[in-house]
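Comments concern the structure below.
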Amino acid sequence: MSYLSSFNNESAKQILMDIIRTVNQPDNSKKLSEAKASAGKEMILMMQHVFPLVMQLQLEVIKLHGFPGNREGLVQFSQLIREMERDDMEIARLRSQIRAIYLPPIAINTTNDILI
């Protein structure tokens with residue numbers, strides 16, 4: 001757990017940027033494009049095809065930064081990022097970029113607070 005002692009906003013931003021760079025590498029980008037094409041606009045198919053690829057790439061990156069390279073490590077990293085994004089707009093922006101890969105935009109009617 002020594003990785004936690006050096007984990008701060010700057011290291012969080014660095015890891016998030018590394019995840020984005022990894023996703024954008026030609027081989028990974030191609031795999032994600034193929035998965036998105038096979039999923040179309042179906043949310044369930046996105047979660048079955050695209051989401052696992054993005055999670056695997058995130059696991060690979062966080063492992064390089066000392067986090068456990070398993071589900072627990074990814075959950076821990078995600079929880080830390082969610083806490084930090086409340087106070088750091090750059091972390092929130094980077095996390096949103098990653099989420100946009102596997103979560104298509106959802107139209108929300110703010111007048112009635114219902115999903116459209």
Side-chain angles (χ1 to χ4, degrees):
M1 298 261 262
S2 63
Y3 58 92
L4 289 178
S5 63
S6 62
F7 189 74
N8 57 34
N9 285 31
E10 293 309 309
S11 58
K13 290 175 198 175
Q14 184 60 53
I15 295 171
L16 291 169
M17 287 187 289
D18 287 350
I19 291 169
I20 292 167
R21 276 192 284 276
T22 299
V23 164
N24 288 324
Q25 289 174 349
D27 287 348
N28 296 331
S29 182
K30 182 180 178 196
K31 287 178 191 173
L32 285 167
S33 292
E34 290 169 355
K36 284 181 179 184
S38 72
K41 294 185 183 225
E42 294 293 325
M43 178 61 83
I44 292 174
L45 292 177
M46 284 285 272
M47 298 311 283
Q48 289 175 336
H49 299 282
V50 179
F51 183 75
L53 288 173
V54 175
M55 293 304 108
Q56 184 58 45
L57 295 172
Q58 286 187 38
L59 277 173
E60 292 171 14
V61 172
I62 67 168
K63 185 176 178 180
L64 295 173
H65 290 273
F67 282 85
N70 55 27
R71 183 180 180 281
E72 289 77 24
L74 189 56
V75 168
Q76 184 181 43
F77 174 75
S78 296
Q79 288 172 337
L80 290 168
I81 293 298
R82 278 194 303 275
E83 290 172 19
M84 293 174 145
E85 77 178 351
R86 294 179 192 147
D87 301 319
D88 191 316
M89 295 308 293
E90 181 66 6
I91 289 175
R93 185 186 69 77
L94 292 167
R95 181 171 177 260
S96 291
Q97 266 186 277
I98 294 167
R99 288 173 52 97
I101 298 166
Y102 61 88
L103 287 177
I106 298 174
I108 298 175
N109 181 341
T110 56
T111 307
N112 297 325
D113 288 328
I114 59 171
L115 294 177
I116 297 175

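- The residues E90 and R93 are annotated as salt-bridged, a charged nitrogen and a carboxylate oxygen being separated by less than 4.0 angstrom.
- Within a 6.0 Å radius of CG in N8, other residues, nucleotides and ligands contribute more than 12 heavy atoms.
- Rounding to the nearest 0.5 angstrom, the gap separating the CD1 atom in I20 from the CD atom in Q58 is 9.5 Å.
- Taking the side chain as every heavy atom from C-beta outward, E60 and I19 never approach each other to under 4.5 Å.
- At a threshold of 4.5 Å between non-hydrogen side-chain atoms, the residues R99 and V54 do not count as touching.
- Evaluation of the salt bridge (charged side-chain N to carboxylate O under 4.0 Å, His left out) rule for R21 yields D18 as partners, not counting sequence neighbours.
- One finds the CE atom of M46 at 9.5 Å from the OG atom of S38 (value rounded to the nearest 0.5 Å).
- One hydrophobic cluster holds both V23 and L103 under the rule that ILVMFWY side chains link at heavy-atom gaps under 4.5 Å.
- A single hydrophobic cluster is seen to contain both Y102 and L74, as judged by linkage of ILVMFWY side chains at heavy-atom distances under 4.5 Å, directly or through other members.
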Run the side-chain contact (heavy atoms from CB on, under 4.5 Å) check on M84 and F7 step by step: do they pass? CA-CA 11 Å; M84 293 174 145; F7 189 74; 3.7 Å; yes
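- With rounding to the nearest 0.5 angstrom, the NZ atom of K31 is 9.5 Å from the CD atom of E34.
- A 6.0 Å sphere centred on CD of E42 holds no more than 12 heavy atoms belonging to other residues, nucleotides or ligands.
- Closest non-hydrogen pair, N28 versus T22, comes out as ND2-O, 2.7 Å.
- When all heavy atoms are compared, the tightest approach of S6 to S11 is O-OG, 3.5 Å.
- Note on I81 and M55: same hydrophobic cluster, where clusters join Ile, Leu, Val, Met, Phe, Trp and Tyr whose side-chain heavy atoms are under 4.5 Å apart, directly or indirectly.
- The minimum heavy-atom distance linking I91 with A12 is given by the pair CD1-CB, 4.0 Å.
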Steps toward salt bridge (charged side-chain N to carboxylate O under 4.0 Å, His left out) verdict (E10, K13): CA-CA 5 Å; E10 293 309 309; K13 290 175 198 175; 3.3 Å; yes
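- Considering all non-hydrogen atoms of both residues, M47 and P52 come closest at O-CD, 3.2 Å.
- Nearest heavy-atom pair across I62 and P68 is CD1-O, 3.9 Å.
- Put simply, NE2 on H49 and CG on L32 are 13.0 Å apart, with the number rounded to the nearest 0.5 Å.
- Taking hydrophobic clusters as Ile, Leu, Val, Met, Phe, Trp and Tyr residues chained together by side-chain heavy-atom distances below 4.5 Å, M17 shares a cluster with I98.
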Derivation and outcome, side-chain contact (heavy atoms from CB on, under 4.5 Å), residues L16 and F77: CA-CA 10 Å; L16 291 169; F77 174 75; 4.0 Å; yes
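- Using a 4.5 Å cut-off between side-chain heavy atoms of Ile, Leu, Val, Met, Phe, Trp and Tyr, with links allowed through other members, I101 and L45 fall into different hydrophobic clusters.
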